[in-house]
*Asks:* 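Before anything else, here's the structure in question.
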Amino acid sequence: LKLWIDGPAPAYSSLIANALERGVGYGLASARVDQICGMEVVLPTGDVMRTGMGALSTAKTSAQYPYGLGPYVDGMFSQSNFGIVTQMGVWLVPQPPVFKATMMHASNYEDIVPMIDTLYPLRLQGVIRNGVSLHPYVPGMSFWNPEFTAVEQPKGNAQPRLPGWGGRLGFYGSSKVVDALSEQAEDEFAAAIPGIKFESQRFSQPYDPATMDSDAKMIAGIPSFQAMPVWNHFGASVSMVFPTDGKEYLKLISVIDGVYKQYGWREIGGAIHNHVARATIALTSIPVSRTDPKANARNIEMATHVFAECAKNGYAEYRAPTAFMDIAARAYDFNDNALLRFNETIKDALDPNGIFSPGKNGVWPKRMREDKA
Ligand SMILES: Cc1cc2nc3c(=O)[nH]c(=O)nc-3n(C[C@H](O)[C@H](O)[C@H](O)COP(=O)(O)OP(=O)(O)OC[C@H]3O[C@@H](n4cnc5c(N)ncnc54)[C@H](O)[C@@H]3O)c2cc1C
């Protein structure tokens with residue numbers, strides 16, 4: 001089959017779990033949750049339900065038409081504890097005839113502002129269609145090198161060494177289309193960021209993954225293990241959503257850095273994922289010690305302040321590590337956490353005994369909310 005998967009960075013990832021977690025890919029189907037087409041779900045009562053067209057037992061379109069009739073409930077099973085998905089339609093990407101993977105590199109920290117502002121209209125127009133990941137860049141040092149930590153998060157209040165920025169762009173289609181799209185994108189980035197550099201690799205069908213480096217594989221949507229060295233240099237991810245606007249990114253990082261400084265750390269920003277065009281996700285991380293519980297307690301306190309300061313400024317997480325699920329969910333505070341209360345009502349109706357993943361993303365079953373009160 002001439003199809004690409006477009007999963008997240010680690011190739012071990014489950015396609016179903018990652019899409020349910022609203023994970024991020026880097027190719028043409030990077031908003032993973034948008035590729036879901038129909039589910040079979042086991043509910044906490046043991047009942048088995050199918051959504052979308054699959055609710056019609058003779059359906060011919062359960063993996064083609066996601067909506068069916070009536071309330072569209074699939075979203076309730078993503079990042080949730082309302083049911084266990086036992087089958088799911090996941091759309092794959094038909095391979096284009098030609099594909100070009102372009103890495104761009106800019107040398108100044110401030111270049112992130114025109115980089116994001118140039119990217120945004122190119123994404124809206126469909127000139128750039130892949131889920132674009134931007135990341136700090138130091139010439140000669142791979143982002144995946146474990147020593148990158150020292151650049152990102154110097155200990156103490158030392159002034160961090162500010163890196164430049166890199167980004168992964170993909171262009172797909174016929175040969176002519178790929179040439180036209182990549183030329184327009186490169187011209188616009190070059191006009192906005194003097195000195196920006198591009199390195200491209202071009203491929204055509206039949207694709208041979210052995211000829212692609214890991215960046216090209218990620219942009220194509222071919223599973224890879226490139227990201228795995230990062231295991232050792234990030235702590236717990238904090239992933240805030242901000243409007244796709246370069247100045248907003250610097251504002252968000254300054255809010256986080258303002259809290260970090262009070263705790264003897266610095267934060268200059270990490271990977272940035274633009275997979276839904278209009279809003280972007282900024283990854284930073286809360287340090288985690290494998291040996292020092294006191295340091296971890298202090299870092300969790302720092303995380304609580306980070307979430308509070310971000311919320312005050314209009315930013316919240318798109319996905320939270322288990323340790324931060326409660327504080328991340330509480331940040332969504334409109335009308336006395338009306339959304340959380342709604343989710344608790346559904347939880348209690350579907351799962352009265354509270355047996356599925358209690359506390360997932362801050363949604364606790366009634367008996368455990370009473371314990372906590
Ligand atoms: C170095 C590194 C890089 C990473 N890069 C990325 C990235 O690029 N993009 C990205 O999205 N993530 C990334 N991650 C995070 C993570 O590795 C992936 O999201 C991965 O998909 C999670 O593992 P899994 O697929 O086995 O999910 P699991 O850990 O099995 O599941 C995740 C959650 O999904 C839910 N779930 C799973 N199965 C079901 C089911 N059947 N029914 C209902 N709910 C279910 C559960 O709540 C579960 O806790 C990265 C992690 C690391 C360490």
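Remember, it's 1-based here, ligands and their atoms both numbered in the order they're listed.
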*Asks:* Just distances here: any N/O of Ala9 and N/O of ligand 1 closer than 3.5 Å?
*Replies:* yes
*Asks:* Regarding ligand 1, does Val24 bring an N or O atom to under 3.5 Å of one of the ligand's N or O atoms?
*Replies:* yes
*Asks:* Report the relative orientation of the aromatic rings in His305 and Tyr263; use parallel for angles under 30°, tilted for 30 to 60°, perpendicular for over 60°.
*Replies:* perpendicular
*Asks:* What atoms in ligand 1 come closer than 4.0 Å to a heavy atom of Tyr26?
*Replies:* 7 (C), 8 (O)
*Asks:* Within a 6.0 Å radius of atom NZ on Lys360, are there more than 12 heavy atoms belonging to other residues, nucleotides or ligands?
*Replies:*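 Yes, because the 6.0 Å sphere around NZ of Lys360 holds more than 12 heavy atoms from other groups.
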*Asks:* Considering both backbone and side-chain atoms of Tyr12, is one of its nitrogen or oxygen atoms within less than 3.5 Å of a nitrogen or oxygen in ligand 1?
*Replies:*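 Yes.
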*Asks:* Only heavy atoms of Gly23, strictly under 4.0 Å: list the atoms of ligand 1 that pass.
*Replies:* 11 (O)
*Asks:* Would you call the rings of Phe99 and Tyr172 parallel, tilted or perpendicular, taking 30° and 60° as the class edges?
*Replies:* parallel
*Asks:* Does the N or O separation between Val85 and ligand 1 drop below 3.5 Å for any pair?
*Replies:*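 Val85 vs ligand 1: N/O contact under 3.5 Å present.
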*Asks:* Report, as yes or no, whether the 6.0 Å neighbourhood of atom CD on Gln205 holds more than 12 heavy atoms from other residues, nucleotides or ligands.
*Replies:* yes
*Asks:* Gly83 near ligand 1, heavy-atom distance under 4.0 Å?
*Replies:* yes
*Asks:* For the CZ atom on Phe342, are there more than 12 heavy atoms of other groups (residues, nucleotides or ligands in this structure) within a distance under 6.0 Å?
*Replies:*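 Counting other residues, nucleotides and ligands, CZ of Phe342 stays at 12 neighbours or fewer.
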*Asks:* Does ligand 1 have any atom sitting under 4.0 Å from a heavy atom of Pro10?
*Replies:*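 The answer is yes, since Pro10 has a heavy atom less than 4.0 Å from ligand 1.
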*Asks:* Nearest heavy atom to atom 18 (C) of ligand 1 wins, so pick from Asn18, Val42, Ile281, Val41.
*Replies:* Asn18
*Asks:* Quick test of your reading of the structure: of Gln87, Arg319, Glu21, Lys360, whose heavy atom lies closest to atom 12 (N) of ligand 1?
*Replies:* Arg319
*Asks:* To which of Leu20, Asn361, Thr322, Leu283 does the heavy atom nearest atom 44 (N) of ligand 1 belong?
*Replies:* Leu20
*Asks:* If you count heavy atoms of other groups shown closer than 6.0 angstrom to CZ of Arg330, is the number above 12?
*Replies:* no
*Asks:* Less than 4.0 angstrom from a charged side-chain N to a carboxylate O is my criterion; do Glu344 and Lys347 meet it?
*Replies:* no
*Asks:* Using ring pair (Phe, Tyr, Trp, His ring centres under 6.0 Å), reason through Tyr249 and Phe242 one step at a time and then give a plain yes or no.
*Replies:* CA-CA 7 Å; Tyr249 178 70; Phe242 67 98; 5.5 Å; yes
*Asks:* Would you mind finding which of Gly7, Ser14, Ala17, Ser78 brings a heavy atom closest to atom 36 (N) of ligand 1?
*Replies:*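 That would be Ala17.
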